[in-house]
Amino acid sequence: MPQSQLLISTLKRELKAEGKTYADVAECLEISEASVKRLFTKGQFTLERLDTLCEWLGTDLTSLARRAEASQSQLTQLTVDQEKEIASDELVLLVAVCLLNHYQFDDILAQFAVREHQLIQVLAKLDRLKFITLLPENRVKLRVSRDFSWLPGGPIQTLFLEKIAAEFFQSPFTQKTEQLLVSNGLLSQDANRQFQEKMQRLLQEFNQLAQDQQALPMDDKRGFTLVVAMRHWKYSLFEQISRDG
């Protein structure tokens, strides 16, 4: 990827992480939203405008370029074949999820019934899949970015929907550490899009909180799963008598 395009892509990620929209950028640069879209599409930012946006985001061009360079070697998603290999082995999937949550080698051994030689084999497989780099003394460096996500409709997400979701929703959600919120209403396509953007920001806040907790001892933390969902859907009972499907 050309360096200028990489820089613009990094800027887009920074804006998304801050919950900024094209309309916000347009206001900052004092141009129209359509002009902002053209700038990102064609990558024709002047240095002055890049400086303005960086200052607005509380950063600078040097830091932006550094993050762009770091992101170049990191994956935001795996391929279907990579996910298939991880999904096909529960232990590999478990270790992959643990590593995404910044577990160390000894943390995994302490919390799960896995032998040291088994864990080393799993780490070697994840290294081969380019999910991690396995370092001396069984240290691990993730090769995926902070924005990493499983493929929509891919093997991991499919596994979750087929096996894990049913178990997840068996809880009555009555504990202080749990909450299930369900609502329904009529929305326009634009309102739906706006709310989905808010859902993305909520997910980013969750991930940032988890990132901020890295320094805490493992004994002070517990694993939590966040599921945020929204879809056009009717109860099957209602679907049978619906005229519009």
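Computed from a prediction, not measured in an experiment: that's the story for all the values here.
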S.K.: Please say yes or no: joined through hydrophobic side-chain contacts below 4.5 Å, possibly via intermediate residues, are Phe206 and Phe168 part of one cluster?
M.R.: no

S.K.: Which residue in the set Val95, Leu134, Val92, Ile86 passes side-chain contact (heavy atoms from CB on, under 4.5 Å) when paired with Lys125?
M.R.: Val92

S.K.: Counting distance only, does the side-chain N/O of Glu27 pair as donor-acceptor with the main-chain N or O of Asp24 below 3.5 Å?
M.R.: no

S.K.: Verify side-chain hydrogen bond (donor to acceptor under 3.5 Å, both in side chains) between Glu178 and Ser171, making sure each step is shown before the conclusion.
M.R.: CA-CA 9 Å; Glu178 302 175 320; Ser171 171; 2.9 Å; yes

S.K.: Between Thr46 and Arg49, is there a side-chain donor-acceptor contact under 3.5 Å, judged purely by atom types and distance?
M.R.: no

S.K.: Other residues, nucleotides and ligands only: do more than 12 of their heavy atoms fall within 6.0 Å of NZ on Lys198?
M.R.: no

S.K.: Can you check whether Met230 reaches Asn192 side chain to side chain, under 4.5 Å on heavy atoms?
M.R.: yes

S.K.: Are Ile132 and Val97 joined in one hydrophobic group, where the rule is that I, L, V, M, F, W and Y side chains link up if heavy atoms are under 4.5 Å apart?
M.R.: yes

S.K.: Taking all heavy atoms of Ala87 and all of Ile156, pick out the closest pair and write down the distance.
M.R.: CB-CD1, 3.7 Å

S.K.: Taking the side chain as every heavy atom from C-beta outward, state whether Leu15 and Leu57 have any pair of such atoms under 4.5 Å apart.
M.R.: yes

S.K.: Regarding Glu205 and Arg201, does a basic nitrogen lie under 4.0 Å from an acidic carboxylate oxygen?
M.R.: no

S.K.: Considering all heavy atoms of both residues, which atom of Leu50 and which atom of Ile8 are nearest to each other, and what is their separation?
M.R.: CD2-CD1, 4.2 Å

S.K.: Output the distance between atom OG (Ser35) and atom CG (Leu29), rounded to the nearest 0.5 Å.
M.R.: 9.5 Å

S.K.: Atom CG in Leu53, atom CG in Leu64: separation rounded to 0.5 Å?
M.R.: 9.5 Å

S.K.: Roughly how far, to the nearest 0.5 Å, is the CZ atom of Arg115 from the CD1 atom of Ile120?
M.R.: 13.0 Å

S.K.: Do Pro155 and Trp150 come within less than 4.5 Å of each other through their side chains, counting heavy atoms only?
M.R.: no

S.K.: Please tell me whether Leu91 and Leu78 are part of a single hydrophobic cluster in this structure, the criterion being side-chain heavy atoms less than 4.5 Å apart.
M.R.: yes

S.K.: Give a yes or no on this: more than 12 heavy atoms of other residues, nucleotides or ligands lie within 6.0 Å of atom CD of Gln214.
M.R.: yes

S.K.: Please walk me through it: do Arg222 and Thr177 pass side chain to side chain contact (heavy atoms under 4.5 Å, CB included)?
M.R.: CA-CA 10 Å; Arg222 296 174 62 194; Thr177 56; 4.3 Å; yes

S.K.: May I ask you to decide if the ring planes of Phe173 and Phe169 are parallel, tilted or perpendicular, using 30° and 60° as cut-offs?
M.R.: tilted

S.K.: Report the C-alpha separation of Lys20 and Glu14 in whole Å, then their side-chain angles, then the decisive distance to 0.1 Å, and conclude whether the salt bridge (charged side-chain N to carboxylate O under 4.0 Å, His left out) test is met.
M.R.: CA-CA 9 Å; Lys20 304 296 187 183; Glu14 294 292 316; over 6 Å; no

S.K.: Please check if Phe112 and Leu126 belong to a single hydrophobic cluster, counting links between Ile, Leu, Val, Met, Phe, Trp and Tyr side chain heavy atoms closer than 4.5 Å.
M.R.: yes

S.K.: Would you kindly say whether Asp107 and Gln111 are connected by a side-chain donor-acceptor distance under 3.5 Å?
M.R.: no

S.K.: Test side chain to side chain contact (heavy atoms under 4.5 Å, CB included) on Val114 and Leu94; report intermediate values, then the result.
M.R.: CA-CA 11 Å; Val114 54; Leu94 168 69; over 6 Å; no

S.K.: Report the hydrophobic cluster partners of Leu216, with the cluster defined as I, L, V, M, F, W, Y residues connected by side-chain heavy atoms closer than 4.5 angstrom, directly or transitively.
M.R.: none

S.K.: Would a 4.5 Å heavy-atom cut-off, applied to side chains only, mark Val122 and Asp89 as touching?
M.R.: no

S.K.: Ignoring hydrogens, what is the shortest heavy-atom contact between Glu83 and Gly154? Give both atom names and the distance.
M.R.: OE1-C, 3.8 Å

S.K.: Is any side-chain heavy atom of Lys141 less than 4.5 Å from a side-chain heavy atom of Leu135?
M.R.: yes

S.K.: Between Glu167 and Lys163, does the salt bridge (charged side-chain N to carboxylate O under 4.0 Å, His left out) criterion hold? Intermediate values first, please.
M.R.: CA-CA 7 Å; Glu167 178 183 332; Lys163 298 183 178 180; over 6 Å; no

S.K.: Show the numbers, then the answer: is there a side-chain hydrogen bond (donor to acceptor under 3.5 Å, both in side chains) between Glu85 and Ser88?
M.R.: CA-CA 5 Å; Glu85 287 210 48; Ser88 66; over 6 Å; no

S.K.: Does Gln118, at its CD atom, have more than 12 non-hydrogen atoms belonging to other residues, nucleotides or ligands within less than 6.0 Å?
M.R.: yes

S.K.: Minimum heavy-atom separation for Asp60 to Ser63, with atom names?
M.R.: OD1-N, 2.7 Å

S.K.: Take atom CG of Leu47 as the centre, draw a 6.0 Å sphere, and report whether it contains more than 12 heavy atoms from other residues, nucleotides or ligands.
M.R.: no

S.K.: If you define the side chain from C-beta out and look only at heavy atoms, does anything of Val25 sit under 4.5 Å from Ile31?
M.R.: no

S.K.: I'd like to know if the side chain of Gln211 pairs up with that of Asn207 as donor and acceptor (distance under 3.5 Å, no hydrogens or angles considered).
M.R.: no

S.K.: So Phe148 and Thr76, do their side chains get closer than 4.5 Å, heavy atoms only?
M.R.: no

S.K.: Could you give the distance from CD (Gln44) to CZ (Arg38), rounded to the nearest 0.5 Å?
M.R.: 10.0 Å

S.K.: Quick one, Leu123 and Phe131 - any side-chain contact, counting heavy atoms below 4.5 Å?
M.R.: no

S.K.: Just wondering, are more than 12 heavy atoms of other shown residues or ligands nearer than 6.0 Å to CD in Gln196?
M.R.: yes

S.K.: With rounding to the nearest 0.5 angstrom, report the CE to CG distance, Met218 to Asn101.
M.R.: 8.5 Å

S.K.: Between Leu129 and Leu151, is there a shared hydrophobic cluster once you connect ILVMFWY residues whose side-chain heavy atoms come closer than 4.5 Å?
M.R.: no

S.K.: Within this structure, what is the CG-CG distance for the pair Leu61 and Asp51, rounded to the nearest 0.5 Å?
M.R.: 4.5 Å

S.K.: Looking at Phe45 versus Phe40, is the centre-to-centre ring distance below 6.0 Å?
M.R.: yes

S.K.: Please say whether more than 12 non-hydrogen atoms of neighbouring residues, nucleotides or ligands are located less than 6.0 Å from CD in Gln104.
M.R.: no

